[in-house]
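The next block holds one structure in the form of structure tokens; read it before the comments.
Note that these values count all heavy atoms, side chains included, but never hydrogens, waters or copies made by symmetry. Note that this is a predicted model, so its numbers are computed, not measured.
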Amino acid sequence: MNLGLRKTKIMSNGFTLIELMIVIAIIGIIAAIAIPQYQNYIARSQTTRSMAELSYITGFIDETLYRGNTVVNLVDTGYSDSNLMATQPVITVNPDGTATVLGTLDGDVSTAIQGQTITFNRTINGEWICTTTVSAQFRPTGC
């Protein structure tokens, strides 16, 4: 029974130009949001890693002071060079038990934290206080 309706066959030859433009626009929007967030994540993780590397030295200083010594050499701490700090950390130990460990983020770090410092200061009571010049959005907790 033919009711006079014709069956037409529609052939699809791929995506239309507008469909491709919509996909590219969506990818562009996602990239515009994701790339800055990823760069912020990298800066935060580099700051946290540098803080951990420097805090290792503080433990060695504590052990050295508990043994009655005030001379601490960076080589003796077991510190290995970090690609995040082109210059080695500066260690200062005073006869009264206070000490300072200063690290400068000047190696292969994000431009957002380039040249910033992380400092650990030891009080006479043996408490370590972390201070930094890194902006609050990249600052690790505890510093």
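Taking Thr16 as the reference, Ile18, Glu19 meet the side chain to side chain contact (heavy atoms under 4.5 Å, CB included) condition, with sequence neighbours excluded.
Under 3.5 Å, the side chains of Asn40 and Gln137 contain no donor-acceptor pair of N or O atoms. Residues Thr123 and Asn125 bring no donor and acceptor atom of their side chains to less than 3.5 Å of each other.
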Run the side chain to side chain contact (heavy atoms under 4.5 Å, CB included) check on Thr87 and Asp106 step by step: do they pass? CA-CA 7 Å; Thr87 56; Asp106 56 1; 2.9 Å; yes
Step-by-step side chain to side chain contact (heavy atoms under 4.5 Å, CB included) determination, Asn83 to Arg49: CA-CA 11 Å; Asn83 66 330; Arg49 179 181 141 197; 2.7 Å; yes
Show your working on side chain to side chain contact (heavy atoms under 4.5 Å, CB included) between Asn94 and Arg122 and close with a plain yes or no. CA-CA 10 Å; Asn94 301 313; Arg122 186 179 194 274; over 6 Å; no
Please determine whether side chain to side chain contact (heavy atoms under 4.5 Å, CB included) holds for the pair Thr119 and Val101, giving the CA-CA distance in whole Å, both sets of side-chain angles, and the decisive distance to 0.1 Å. CA-CA 6 Å; Thr119 308; Val101 177; over 6 Å; no
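Met51 places none of its side-chain heavy atoms less than 4.5 Å from the side chain of Thr47.
Nearest heavy-atom pair across Leu105 and Ser50 is CD2-OG, 3.0 Å. Across every non-hydrogen atom of Arg139 and Cys143, the tightest pair is CD-O, 2.8 Å. Smallest separation of non-hydrogen atoms from Pro140 and Thr48: CB-OG1, 3.6 Å. In plain terms, the two heavy atoms of Thr117 and Thr104 that are nearest each other are CG2-OG1, 3.7 Å. Looking at every heavy atom in both residues, Gln46 comes nearest to Leu84 through O-CD1, 3.6 Å. Annotation for Ile91 and Thr77: closest pair CD1-CG2, 4.3 Å, computed over non-hydrogen atoms.
Trp128 and Leu102 fall into different hydrophobic clusters, defined by Ile, Leu, Val, Met, Phe, Trp and Tyr side-chain heavy atoms under 4.5 Å apart, directly or through other members. Cluster membership for Ile22 and Ile30, using ILVMFWY side-chain heavy atoms within less than 4.5 angstrom, is shared. The hydrophobic clustering, which links ILVMFWY residues whose side-chain heavy atoms are closer than 4.5 Å, places Leu74 and Phe120 together.
For the atom pair Tyr41 OH and Ser110 OG, the distance stands at 13.0 Å (nearest 0.5 Å). Rounding to the nearest 0.5 Å gives a distance of 6.0 Å between CD1 of Ile118 and CG of Leu54. In this structure, CZ in Phe60 is found 14.5 Å from OG in Ser55, a value given to the nearest 0.5 Å. Ile24 contributes atom CD1, which lies 12.5 Å from atom CD1 of Ile29 (distance to the nearest 0.5 angstrom).
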